[in-house]
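Worksheet for the structure shown next.
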Amino acid sequence: MVVSEAMARRRPLRITYAAIDGGRSYRQQALDDQDGRYRLLLATVEALVGEGVDLLVFPAGYFQVRNERALANLVRRLRLGLRGSAPDFGLVVGVDRMSTAYKTEHPKREHPYFALYRTTAGAIVSMQQVSVTRQQGAVLDLLDARWGARELLLAETEIAFLICGESWSDELLDRVVVSGCRALVVAAHRTVNLHTQAGGYGRLSWHRRFQALCSERELPVVLSEHTRSPHRHPYSWPADISDSLAPDGVPDGVTLRLATITT
C-alpha cells in the first residue's frame with residue numbers, strides 16, 4: 001500500500017480499552033454496585049490523565065439504571081466527577097436502562113442500551129443502540145429512524161463507534177468502512193460463544209466478525225467488553241496493535257489494554 005505524505009504525518013492514535021470481569025450476572029452486579037462502578041471508573045480515568053492516550057473505552061452495560069430519571073442522574077454525576085479529574089482524552093462508557101417491555105420492531109421504541117461519550121472539551125453525548133441482530137440492522141428505514149442525529153465518528157476524533165449488536169449489521173459496517181475512520185471501536189456487553197456457524201444471533205462471535213473485517217478491509221478494530229477471561233484475547237484486530245497497560249492507580253477489577261494505530 002502506498003502511504004501518502006499526509007498519512008505519514010499522522011501521529012499515532014492511542015486507544016485504551018477496558019475488560020471488566022463479568023458473567024451471566026454482570027448486569028445485576030452493575031445494578032447492585034453503581035457507587036463502586038462509579039469509583040472504579042473515576043480512579044481509572046485519573047490514572048490515565050497525562051499518559052498520552054486519545055480515548056478510554058468501557059464496555060456496554062458497565063452501568064445499569066432502572067429508569068430515565070436514574071439515567072439523567074447518572075449523567076449529571078459523571079459530568080461533575082469527570083470535571084474534577086479533567087481528563088485530557090475522550091471517554092466512552094456503556095449505560096443500560098432497564099425495561100420491562102419494549103417493542104423492538106417499532107421505529108419509535110428503541111433498545112434500552114446506551115453509550116455515553118465525553119469529549120475532551122467536557123461535553124457528554126448520549127448514543128442509543130439501534131439494532132441487536134443482523135435482521136434488524138438490514139431494515140434501512142428502521143435503522144435510520146432509530147439512528148437519528150447520532151454521528152458515526154466520535155466527535156473530535158477519526159474513530160468510528162458502534163454499540164455491541166450493531167456490529168451484526170452489514171449496513172452499519174459498510175458505513176464504517178466508507179467513513180474514512182482510522183479505527184472502529186466497539187463497546188460490547190458480554191462475549192458470545194466462539195462458534196463458527198454463520199447464521200443466527202449469538203452463534204457467530206463478533207470476535208470472528210471483527211477479525212474478518214480487519215483482514216478484508218484493513219481496518220483496525222478495538223473491543224471493550226465484560227469477560228471473565230480478560231487475557232484470553234488481545235481484544236483488537238490486528239492483534240499486534242495491542243499491548244497490556246497498567247499505570248499506577250488503576251484499581252483491581254479493571255484490565256486495560258492499549259491499541260496504538262499508526263496508519
Side-chain angles (χ1 to χ4, degrees), residues 10-23 26 29-30 37 39-63 82 85 87-94 115-118 120 154 157-164 166-167 176 181-192 194 205-215 218-263:
R10 282 182 171 181
R11 65 176 182 83
L13 186 62
R14 292 162 53 87
I15 301 172
T16 302
Y17 52 109
I20 303 298
D21 182 27
Y26 78 93
Q29 292 171 14
R37 289 275 173 119
R39 291 192 296 270
L40 210 67
L41 177 71
L42 288 191
T44 304
V45 168
E46 289 170 2
L48 288 172
V49 171
E51 291 291 321
V53 303
D54 296 291
L55 181 69
L56 170 62
V57 187
F58 272 72
Y62 179 77
F63 288 113
L82 292 168
S85 57
D88 53 349
F89 48 83
L91 170 68
V92 169
V93 60
L116 301 177
Y117 170 56
R118 183 192 186 274
T120 55
L154 295 175
T157 78
E158 298 175 280
I159 302 169
F161 176 73
L162 295 177
I163 305 171
C164 201
E166 291 175 346
S167 61
V176 167
C181 67
R182 293 177 64 185
L184 167 63
V185 164
V186 181
H189 286 92
R190 180 172 61 88
T191 191
V192 294
L194 291 175
S205 168
W206 45 62
H207 290 216
R208 298 185 185 278
R209 188 159 175 79
F210 296 146
Q211 185 179 42
L213 177 68
C214 175
S215 176
E218 298 184 348
L219 178 67
V221 184
V222 172
L223 172 72
S224 174
E225 70 177 1
H226 288 89
T227 176
R228 289 180 174 175
S229 304
H231 303 290
R232 183 181 181 189
H233 306 286
Y235 297 96
S236 73
W237 296 268
D240 60 10
I241 66 173
S242 176
D243 289 301
S244 59
L245 182 67
D248 293 339
V250 174
D252 293 339
V254 179
T255 300
L256 295 180
R257 297 191 68 85
L258 174 67
T260 303
I261 296 157
T262 58
T263 55

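All heavy atoms count here, side chains included; hydrogens, waters and symmetry mates do not.
In this structure, Ile15 CD1 and Leu258 CG are separated by 9.0 Å, a value rounded to the nearest 0.5 Å. Taking CG of Leu13 as the start and OG1 of Thr263 as the end, the distance is 9.0 Å to the nearest 0.5 Å. Annotation: the span from Leu223 atom CG to Trp237 atom CH2 amounts to 5.0 Å, rounded to 0.5 Å. Ile20 contributes atom CD1, which lies 6.5 Å from atom OG of Ser224 (distance to the nearest 0.5 angstrom).
Nearest heavy-atom pair across Gly52 and Arg14 is O-NE, 2.9 Å. The two atoms that bring Ala47 and Gly249 nearest to each other are CB-C, 3.7 Å, heavy atoms only. Shortest non-hydrogen contact noted between Arg118 and Pro87 is NH1-CG, 3.5 Å. When all heavy atoms of Thr157 and Tyr117 are compared, the pair lying nearest together is CG2-OH, 3.5 Å. Of all non-hydrogen atoms in Asp88 and Val49, the two that sit nearest each other are OD1-CA, 3.8 Å. Across every non-hydrogen atom of Ser236 and Tyr17, the tightest pair is CB-OH, 3.5 Å.
For residues 40-61, every residue pair satisfying the ring pair (Phe, Tyr, Trp, His ring centres under 6.0 Å) rule, not counting sequence neighbours, is listed here: Phe58-Tyr62.
Side chains of Thr16 and Val57 form no contact here, defined as non-hydrogen atoms less than 4.5 Å apart. At least one side-chain heavy atom of Cys181 sits less than 4.5 Å from a side-chain heavy atom of Leu219. Using a 4.5 Å heavy-atom cutoff, the side chains of Leu41 and Leu91 are in contact. Using a 4.5 Å heavy-atom cutoff, the side chains of Tyr235 and Val222 are not in contact. Side-chain atoms of Val45 and Phe89, non-hydrogen and from C-beta on, do get closer than 4.5 Å to each other. Taking 4.5 Å as the limit, every side-chain heavy atom of Val186 sits out of range of all side-chain heavy atoms of Cys164.
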Going through the checks in order, is the side-chain contact (heavy atoms from CB on, under 4.5 Å) test met by Val250 and Leu256? CA-CA 9 Å; Val250 174; Leu256 295 180; 3.7 Å; yes
Start with the C-alpha gap between Glu225 and His207, add the side-chain angles, then the distance that decides, and say whether side-chain contact (heavy atoms from CB on, under 4.5 Å) holds. CA-CA 11 Å; Glu225 70 177 1; His207 290 216; 3.2 Å; yes
Would you check, one step at a time, whether the test side-chain hydrogen bond (donor to acceptor under 3.5 Å, both in side chains) holds for Ser242 with Arg257? CA-CA 7 Å; Ser242 176; Arg257 297 191 68 85; 2.7 Å; yes
Test side-chain contact (heavy atoms from CB on, under 4.5 Å) on Leu55 and Ile159 and set out the steps. CA-CA 9 Å; Leu55 181 69; Ile159 302 169; 3.8 Å; yes
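With hydrogens and angles ignored, the 3.5 Å screen pairs no side-chain donor or acceptor of Ser229 with any backbone N or O of His231.
Electrostatic pairing of Asp54 and Arg182 does not count as a salt bridge here, judged by no charged N lying under 4.0 Å from a carboxylate O.
Between the side chains of His233 and Gln211, no donor N or O sits under 3.5 Å from an acceptor N or O.
For Pro251, the side-chain contact (heavy atoms from CB on, under 4.5 Å) partners two or more places apart in sequence, or in a different chain, are Leu40, Ala43, Thr44, Val254.
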